[in-house]
Amino acid sequence: MTRPLDGVEVVSLAVNLPGPLAAARLAELGATVTKVEPPAGDPLAAAAADWYGALVAAQTVVTLDIKQDADRGKLDELLETADLLITSMRPSALAKLGLAQPQERFPRLSLVEIVGHADDPEVPGHDLNYQAVHATLTPPHMPTVPVADMLGAERAVSTALAALVARSRTGVGQPYRVALEEAAERAGDAVRYRLMGPDAILGGAFPGYGIYECADGYVALGAVEPHFFMGALAVFGADGTHDAFRKAFADKTVAELEALAAAHDLPLNGVRTPSTGK
């Protein structure tokens with residue numbers, strides 16, 4: 001079956017998480033992706049080997065020291081036919097490599113540059129830092145999902161697709177920048193606009209949307225829409241309060257509650273924890 005990006009060539013110099021995630025998604029859409037890694041490799045491979053392996057499974061991984069003339073020449077050969085270049089280094093490092101405006105040498109090539117901060121992309125940071133300043137953390141607990149990295153990766157993908165559309169009109173590639181802190185800021189909108197967070201409607205204030213303890217674990221009830229909420233009240237004999245749901249769930253197992261939910265078309269699932277996966 002033909003995929004949307006069949007025939008599109010991508011070269012990625014990006015290591016860690018956002019770039020590899022974006023490159024993997026482009027490969028899923030049909031792009032041919034060449035992942036260029038430094039001699040030391042991608043730190044993601046050491047931190048999460050299985051995830052790294054899954055992300056690069058559909059890509060060609062080559063090792064090049066692009067600071068050396070011979071290997072830089074090999075990179076240029078890849079860029080000659082590439083449609084997209086993904087990077088995740090500081091702009092100053094990219095400029096030293098002569099890749100800040102790659103379309104000047106490779107006219108059809110668009111750059112998707114993943115940086116940390118939009119205002120000053122030279123400032124160092126990682127997912128934890130971006131989440132810290134946009135209210136998506138609950139100290140002292142560490143986050144269980146790298147929100148900024150994952151949303152930033154999707155932003156990089158949408159930017160790459162937009163770049164291809166723009167080039168189809170002009171015939172010339174352009175440089176684009178994706179800031180991970182901006183992705184974290186958009187995630188923080190859920191707290192800023194009081195949809196999520198302590199005592200917000202979807203942060204625990206509404207009884208139909210919450211996590212409840214049961215006989216052998218916890219369940220997540222997502223009965224937001226009126227028909228789901230009314231259905232939950234009827235099935236579990238609750239009066240619509242937190243306490244009523246707690247009592248209704250307390251003596252039932254996760255399996256029993258999931259079976260009831262499935263039988264009555266209700267959005268309820270057992271909670272799988274990061275430590276156990278079940």
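By convention here, the first residue in the shown sequence is residue 1.
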Where [X] and [Y] come nearest, the two heavy atoms and their spacing:
X	Y	result
L266	G231	CD2-C, 3.9 Å
A31	V10	CB-CG2, 3.9 Å
A22	A153	CB-O, 3.6 Å
A248	F236	CB-O, 3.5 Å
R167	G173	CG-N, 3.9 Å
P102	L109	CB-CD2, 3.7 Å

Distance, nearest 0.5 Å, that separates [atom1] of [X] from [atom2] of [Y]:
X	Y	atom1	atom2	value
L75	Q68	CG	CD	13.5 Å
L221	L257	CG	CG	10.0 Å
F228	Y209	CZ	OH	13.0 Å
S12	L26	OG	CG	9.0 Å
L111	T87	CG	OG1	5.0 Å
E154	D149	CD	CG	12.5 Å

Is [Y] reachable from [X] through a run of hydrophobic residues whose side-chain heavy atoms are each under 4.5 Å from the next?
X	Y	result
F249	V235	yes
L84	L5	yes
I114	V157	yes
L161	V172	no
V8	L85	no

Looking at [Y] and [X], is there a salt bridge between them, counting it only when a charged N and a carboxylate O are closer than 4.0 Å?
X	Y	result
D199	R194	no
R25	E28	yes
R72	D69	no
E185	R155	no

Using modelled atom types and a 3.5 Å cut-off, is there a donor and acceptor pairing between side-chain atoms of [X] and backbone atoms of [Y]?
X	Y	value
H242	G204	yes
E256	T253	yes
D239	A244	no
D83	L164	no
Q59	A27	no
D71	D65	yes

Next on the checklist: For a side chain to side chain contact (heavy atoms under 4.5 Å, CB included) check, start with the C-alpha distance between V219 and V254, then their side-chain angles and the critical distance, and finish with the verdict.
Outcome noted: CA-CA 7 Å; V219 292; V254 170; 4.3 Å; yes

[Y] and [X], any side-chain heavy atoms less than 4.5 Å apart:
X	Y	result
M89	L97	yes
P38	K67	no
E80	F106	yes
L180	E182	no
H126	P146	no
M196	L202	yes
V15	P43	yes
R177	P121	yes

Next on the checklist: Would E258 and R272 count as a salt bridge (Lys or Arg N to Asp or Glu O under 4.0 Å) here? Give the steps.
Outcome noted: CA-CA 13 Å; E258 287 186 329; R272 277 66 180 172; 3.1 Å; yes

Checklist entry - Any side-chain donor paired with an acceptor under 3.5 Å for Q174 and S110? => result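 Q174 vs S110: no donor-acceptor pair found between side chains.
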
Item to check | Donor-acceptor pair between T81 and E9 side chains, under 3.5 angstrom | outcome: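 A pair is found: one side chain offers a donor N or O, the other an acceptor, under 3.5 Å apart.
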
Checklist entry - Can you check side chain to side chain contact (heavy atoms under 4.5 Å, CB included) on L137 and L128, steps first, answer last? => result CA-CA 8 Å; L137 298 180; L128 186 66; 4.0 Å; yes

Item to check | Verdict with supporting geometry, L78 and V36, side chain to side chain contact (heavy atoms under 4.5 Å, CB included) | outcome: CA-CA 10 Å; L78 293 172; V36 177; 3.9 Å; yes

Next on the checklist: Parallel, tilted or perpendicular, judged at 30° and 60°: which one describes the rings of H117 and Y130?
Outcome noted: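 The arrangement is perpendicular - the two ring planes meet at more than 60°.
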
More than 12 non-hydrogen atoms from neighbouring residues, nucleotides or ligands closer than 6.0 Å to [atom1] on [X], yes or no?
X	atom1	answer
D243	CG	yes
D251	CG	yes
K252	NZ	yes

Next on the checklist: Suppose we call two aromatic rings close when their centres sit under 6.0 Å apart. Are Y218 and Y212 close by that rule?
Outcome noted: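 No; Y212 has its ring centre 6.0 Å or more from that of Y218.
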
Next on the checklist: Checking Y52 against V61 for the side chain to side chain contact (heavy atoms under 4.5 Å, CB included) test, could you report, in this order, the C-alpha distance in whole Å, the side-chain angles of both residues, the deciding distance, and whether it holds?
Outcome noted: CA-CA 12 Å; Y52 167 84; V61 179; 4.0 Å; yes

